Amino acid sequence: MNRLDATLELLNELTRWPSVSGQLDAQHGLAAWLESWMVTQLNARVTYPVASQAADKPPVVHVRIDTGSSKTVVLYNMYDVMPADDAGWDVPPFVGGVCHWDALGDVFVGRGAENNKGPVAAMLILLRELLQNNQLGINLEILLEGEEEVGSGTLRRYLAQQPCPVAPAEAVLFPSLCEYGGGAPRVYLGFTGLATGRLSVTGGDWGGPSSAIHASNAGWIANPAWRLLQALDAIAPAADSGVLGHITPDDEANALLATLAQSFSIDDELRFRRSQQLMITGDTVTCLQTLLGSSVLTLAELHSDPVGGRGVIPFRASAELAFRIPPAFDQDAMIVAAQQRLAQPDLNGTVLELVDRYPGVRFGRHASGVDELITSYQKLGAQPQIWPWAPGCAPAYAFAAIAPAFLIGGLGHGGNAHAVNEFVTLTGLERFQQSLSLWLTAFNDSAIGRVAPHQGNTREVLKYTITGHSNEDSR
């Protein structure tokens with residue numbers, strides 16, 4: 001079986017696990033399956049057994065591959081995916097399969113194809129090949145988590161232990177498909193921080209209704225929903241689309257942005273969005289400075305109790321929200337400012353409850369792993385864009401004690417993450433494996449050959465029952 005066929009076979013298996021947040025049976029089953037696969041196929045040693053972990057949280061899969069090298073690299077990835085139903089999909093999302101699309105050729109369609117089961121499958125098959133061919137000259141720590149989409153809380157607590165359960169490393173890589181939309185790959189030298197929470201208003205706490213009452217009383221009874229909107233506008237004015245403040249990037253960041261602006265197209269960036277309204281104006285450098293330098297409060301959901309009561313005044317209203325704060329911002333000060341404003345008499349009764357949080361992080365252009373990633377792209381004909389940090393959030397800070405850089409990287413074209421018909425092109429999977437191989441082997445030392453390559457002759461059967469099917473893997 002060639003590399004691509006093996007990758008598709010493994011990706012098919014991973015896709016069939018509906019490992020979304022809240023489906024703990026499926027998440028525990030997939031975590032155990034992945035752990036066993038790496039033990040039997042990669043000769044990995046389990047560091048944190050899935051079977052020993054709490055049943056009420058998605059497990060962290062942590063294994064080590066020891067080649068006897070003087071160098072160690074950490075590969076981090078995720079096995080959780082976003083929810084999906086069958087509506088609109090060319091292939092059921094938790095079945096997956098290969099389709100031919102006129103614009104892109106052969107693609108694998110399924111939930112997680114891009115984000116991030118496609119890269120996980122491709123990464124694991126590549127590692128097996130490198131080991132079998134005696135081409136891996138570094139030690140590997142592999143961490144797979146099931147809460148990336150909801151804040152990585154279990155992983156962050158695991159890494160915060162003293163001593164840290166992960167050995168010091170040259171670099172950490174989050175292997176992913178980074179030719180977004182088929183365009184130039186990106187190298188991010190940092191990530192935005194995140195604080196998630198809930199803002200709520202309960203009528204009985206400030207003189208509003210303590211239970212739902214008829215809407216005919218709206219002329220003289222205060223409505224918690226309007227109080228909620230007032231509070232949101234007070235801490236993050238609606239006219240600014242939730243922007244809390246700006247910083248001006250420093251000289252190093254501005255130099256990177258000036259170079260980035262020469263090849264970056266805002267129109268291309270937004271071409272997949274419908275009816276988008278750009279909230280900023282100016283040249284490309286100015287727009288990039290604003291994007292990266294903005295601290296923003298984003299709203300995910302608005303609720304009122306009772307639900308669907310158009311004819312009533314609700315007794316409670318709440319908003320699920322997130323503070324997205326760049327690494328140069330003081331996250332604590334930003335949140336304290338919001339809390340102080342909410343504590344003023346005119347907003348009495350509003351409560352901000354933080355659910356989880358982590359800071360942004362930034363590292364240097366020449367930190368270990370960065371040049372190796374750029375070179376891996378260039379060797380395959382891709383000229384990467386280098387960003388001083390990502391506008392997106394990732395718990396990169398949790399790895400700061402382990403390695404000087406936390407990188408997301410890998411060539412390959414996928415798309416529709418979190419949406420209908422999530423996909424990865426088959427050529428993208430191959431390109432991803434080529435770039436990951438170049439990055440990994442760039443760290444090789446003379447230790448190649450100290451551990452016998454795994455022959456893959458261990459046979460076992462793993463059985464689990466998950467929603468909708470019985471999973472059986474035979475090797």
Side-chain angles (χ1 to χ4, degrees), residues 62 64-65 69-78 116 119 123 127 136-145 148 152 155-156 158-160 164-180 184-194 249-253 255-257 259-260 292 326-328 358-379 382-411 432 435-445:
H62 182 192
R64 179 175 173 85
I65 298 172
S69 172
S70 62
K71 298 178 181 178
T72 295
V73 165
V74 176
L75 295 178
Y76 157 82
N77 226 303
M78 55 189 277
N116 225 50
M123 175 186 80
L127 292 178
L136 188 67
I138 52 174
N139 307 315
L140 290 178
E141 300 266 4
I142 301 176
L143 289 156
L144 308 177
E145 67 151 322
E148 195 277 342
S152 304
L155 175 73
R156 291 188 285 112
Y158 178 61
L159 295 179
C164 181
V166 180
E170 303 293 317
V172 179
L173 182 70
F174 183 3
S176 298
L177 302 164
C178 292
E179 288 182 297
Y180 305 104
R186 299 179 180 181
V187 175
Y188 295 123
L189 304 179
F191 292 87
T192 299
L194 181 69
D250 57 33
D251 291 344
E252 180 184 22
L256 291 170
L257 292 177
T259 301
L260 172 62
L292 293 186
Y358 58 78
V361 69
R362 185 177 172 194
F363 46 88
R365 161 65 184 80
H366 295 290
S368 177
V370 177
D371 284 328
E372 290 83 356
L373 184 59
I374 292 170
T375 299
S376 74
Y377 292 162
Q378 292 172 335
K379 285 184 176 180
Q383 189 58 44
Q385 299 174 349
I386 303 175
W387 293 60
W389 61 85
C393 304
Y397 87 96
F399 293 90
I402 297 167
F406 176 98
L407 294 157
I408 183 169
L411 294 182
F432 169 82
S435 66
L436 180 56
S437 178
L438 288 169
W439 188 81
L440 287 168
T441 55
F443 293 95
N444 278 354
D445 63 16

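Positions are given from 1, in the same order as the sequence printed here. Every value quoted in this text rests on a predicted model; they were computed, and no experiment measured them.
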Can you tell me how far apart [atom1] ([X]) and [atom2] ([Y]) are? Round to the nearest 0.5 Å.
X: Leu143; Y: Met78; atom1: CG; atom2: CE; value: 14.5 Å
X: Tyr76; Y: Ile402; atom1: OH; atom2: CD1; value: 12.0 Å
X: Thr441; Y: Leu436; atom1: OG1; atom2: CG; value: 9.0 Å
X: Gln383; Y: Ile374; atom1: CD; atom2: CD1; value: 8.5 Å
X: Asn139; Y: Arg64; atom1: CG; atom2: CZ; value: 4.5 Å

* To do: List the steps and the verdict of side chain to side chain contact (heavy atoms under 4.5 Å, CB included) for Thr375 and Leu438.
  => CA-CA 8 Å; Thr375 299; Leu438 288 169; over 6 Å; no
To check you understand the geometry: which heavy-atom pair defines the closest contact between [X] and [Y], and what is its length?
X: Ala367; Y: Pro404; answer: CB-O, 4.0 Å
X: Leu173; Y: Pro175; answer: O-CD, 3.1 Å
X: Val370; Y: Gly364; answer: CG2-O, 4.0 Å
X: Glu372; Y: Trp439; answer: C-CD1, 3.5 Å
X: Gly360; Y: Pro327; answer: C-CB, 3.8 Å
X: Phe432; Y: Gly409; answer: CE1-O, 4.2 Å

What I'd like to find out is whether the side chain of [X] reaches to under 4.5 Å of the side chain of [Y], using heavy atoms alone.
X: Thr192; Y: Cys393; value: yes
X: Phe174; Y: Pro119; value: no
X: Trp387; Y: Leu292; value: yes
X: Ile142; Y: Leu127; value: yes
X: Tyr188; Y: Pro391; value: yes
X: Arg365; Y: Pro388; value: no
X: Ile138; Y: Asn444; value: yes
X: Arg186; Y: Leu260; value: no

Inset, instruction - Could you check whether the rings of His62 and Tyr158 sit parallel, tilted or perpendicular, using 30° and 60° as the cut-offs? - result: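 Ring orientation, 0 to 90° scale: perpendicular.
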**Request:** Starting from the C-alpha separation in whole Å, work towards a yes-or-no answer on side chain to side chain contact (heavy atoms under 4.5 Å, CB included) for Leu189 and Leu256.
**Result:** CA-CA 10 Å; Leu189 304 179; Leu256 291 170; 3.8 Å; yes
Donor-acceptor pair, side chain of Ser435 and main chain of Leu411, under 3.5 angstrom
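Yes; judged by distance alone, with no hydrogens or angles, the pair exists.
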Please step through side chain to side chain contact (heavy atoms under 4.5 Å, CB included) for the pair Cys178 and Tyr377, ending with a clear verdict.
-> CA-CA 10 Å; Cys178 292; Tyr377 292 162; 4.1 Å; yes
Pair Thr72-Glu141, side-chain donor/acceptor within less than 3.5 Å =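 Judged by distance alone, the side chains do not pair up.
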Task: From CA spacing to verdict: side chain to side chain contact (heavy atoms under 4.5 Å, CB included), Phe399, Leu155 - done: CA-CA 10 Å; Phe399 293 90; Leu155 175 73; 4.1 Å; yes
